[in-house]
Each structure stands twice: as structure tokens, then as C-alpha cells.
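Written out below as C-alpha cells is the structure these notes cover.
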Amino acid sequence: DGPVLICHLGMSGSFRVETAGSSEVPGSFHQERSKIAAHDHVVFDVTSRKGVRSSIIFNDPRRFGFMLFAEGAPDTHPMLAGLGIEPTGNALDGPLLASLLKDRRSPLKTALLDQRLIAGLGNIYVSEALWRAGLSPLREAGTIAGSAKKAKGQSERLAEAIRSVIADAIAAGGSSLRDYVQADGSLGYFQHSFAVYDREGEPCQKPGCRGHVERIVQSGRSTFYCRTCQR
Ligand SMILES: [Zn+2]
């Protein structure tokens, strides 16, 4: 009952709890979180029933995080209510992916970036997953959602590619562009190596493929793909 505070950590946010000189950052992060006071944006001063006072501090160097007050159940808030399924785990399989893409005329890449269908699948991961699955980002999304055996195989392959791309990214550091704290305390970029993303003009890495990686723009975002093996 009463208002709910919705907090999103964005890329680099964290909460820090300080109690009488001790400080801890709850949660599990692959990279160490910033504790630099210049990036403290919100401080909650709280007192426990036993009278112990603590500060709960929201720190976010990149400032992609946010906080919102909501009335009622948080999952009905407009920021959360329309979100699609999570791309992690085994829930995303061929039949589910096919049901999401069924009858969609938009390009496959564009549909996969639609947060109302799949939540949190980013631009880089979509390019990588389509390359792994051997599917063109330009093909109509609904074409892999038919009842034919071929379409079933394609949606199965793409679901598997999405799951594996996400799993690999988590294993490699949780993000495509990973944070690291530089000597001066600021956060810098460390770019992973991707199979196609940001590799325009380079030979395709798929065994036996003689194609090259091309860059095109779809819905204002870069897409990298190989037209030889992605159909
Ligand atoms: Zn290729």
C-alpha cells in the first residue's frame, strides 16, 4: 500500500549502505562499483526500529539510472507494464519467439529491438545473435514464425543464438561495453571483441564463409551483418 519507489541501476548505478562508519554495497556486480562521492546522487537517511541510523546512497557515474514514485502495484507502472519477456534463461525458445514475431512485417532486426516483445535485448546483441543464427536482419520478422519446418528451425536457431549471446556476454563481464575504473577514478570503456559488431569491411568469421561484414542503418541504429551467410 502507498507509493512505491521504482529504482533502475542503469549501466553503472549501485546503492551503498553506510552505518556508523561501515560501508557496504549490497548485490553482486562483475565490476567493482564506484564509491566516489561526486557520483552520489540521492541519499536516504533512515533509522531502524532499534534507533540505528544509516544512509542509503544511490551512486551512478554514468547517470543512466533513474528513480520514480509510483502509486499501486509497480508492475502496472507504464515504465514496466509494457515490457516483453526476458531474453535470459530457457523461457525464450523457438515456439515462444515465433509467437512474438508472428505476422510482423517489420525487419527482423527492428522487431528484436522492440522492448515490448523482448525486454533488454540491446543493439549489439541483436546483430551478434542474427549472425550466429545465419538470419538476415532485413528479412520480414514474420517469415521465421510460420508453421513450415524451415521456419520452425529458424526460430529455434535464433532463440538459441539469443540465449547464447547473452550467456557469453554475462560470462565475459555482464555487458557489451564494460566499465572499468581508471586511475583517476573515472569510468572508461572497454570494448569486447564481437563477431560482427563494429567490424565493417572485415572478413566474416563464420567457418567456410567468404563474405564480409557490412554496416547498414535500420531505424536509426547501426546493424552489422554478412549478406553471404545471413539469409
Ligand atoms: Zn558470412
Side-chain angles (χ1 to χ4, degrees), residues 11 30 84-178 189-231:
M11 278 178 87
H30 189 81
I85 62 152
E86 300 256 352
T88 51
N90 290 326
L92 184 69
D93 58 12
L96 178 57
L97 186 59
S99 72
L100 294 172
L101 300 177
K102 191 169 180 295
D103 298 331
R104 294 203 177 256
R105 313 285 309 264
S106 57
L108 185 53
K109 158 90 183 311
T110 308
L112 293 174
L113 276 182
D114 187 339
Q115 302 297 303
R116 294 166 299 182
L117 301 179
I118 303 174
L121 192 57
N123 191 45
I124 296 174
Y125 297 156
V126 171
S127 278
E128 294 294 307
L130 286 170
W131 177 79
R132 287 191 189 190
L135 292 168
S136 170
L138 296 165
R139 70 152 61 220
E140 212 173 274
T143 57
I144 69 163
S147 55
K149 197 175 171 190
K150 187 177 178 192
K152 282 181 178 166
Q154 288 167 330
S155 57
E156 201 63 65
R157 228 161 58 222
L158 182 55
E160 161 64 28
I162 291 169
R163 293 199 310 266
S164 73
V165 161
I166 301 262
D168 289 353
I170 290 170
S175 178
S176 50
L177 296 168
R178 85 192 226 195
Y189 280 108
F190 175 77
Q191 192 119 24
H192 275 317
S193 54
F194 299 105
V196 283
Y197 189 83
D198 211 15
R199 289 189 181 276
E200 185 179 11
E202 294 183 26
C204 176
Q205 295 179 14
K206 196 157 282 184
C209 180
R210 295 172 159 223
H212 285 76
V213 178
E214 288 177 50
R215 174 183 173 274
I216 56 173
V217 175
Q218 292 178 284
S219 307
R221 315 285 305 274
S222 289
T223 302
F224 295 87
Y225 83 114
C226 169
R227 72 164 69 207
T228 306
C229 65
Q230 290 179 248
R231 297 303 183 90

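Computed over heavy atoms, backbone and side chain alike; hydrogens, waters and symmetry mates excluded. Atoms within each ligand, like the ligands themselves, are counted from 1 in listed order.
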Handout entry: Salt bridge present between Glu160 and Arg157 (N-O < 4.0 angstrom)
Key = no
Exercise for the section: Using the Zn ion (ligand 1) as the apex, give the angle to atoms SG (Cys204) and SG (Cys209), rounded to 10 degrees. Expected result: 110°
Practice task
Can you tell me, to 10 degrees, how wide the angle at the Zn ion (ligand 1) is between SG on Cys229 and SG on Cys226?
Solution key: 110°
Shortest non-hydrogen contact from [X] toward [Y]:
| X | Y | value |
| --- | --- | --- |
| Ser222 | Ser127 | O-OG, 4.4 Å |
| Arg199 | Gln205 | NE-NE2, 3.5 Å |
| Arg105 | Glu140 | O-CG, 3.1 Å |

Exercise for the section: Tell me whether His212 has at least one N, O or S atom under 2.8 Å from the Zn ion (ligand 1). Expected result: no
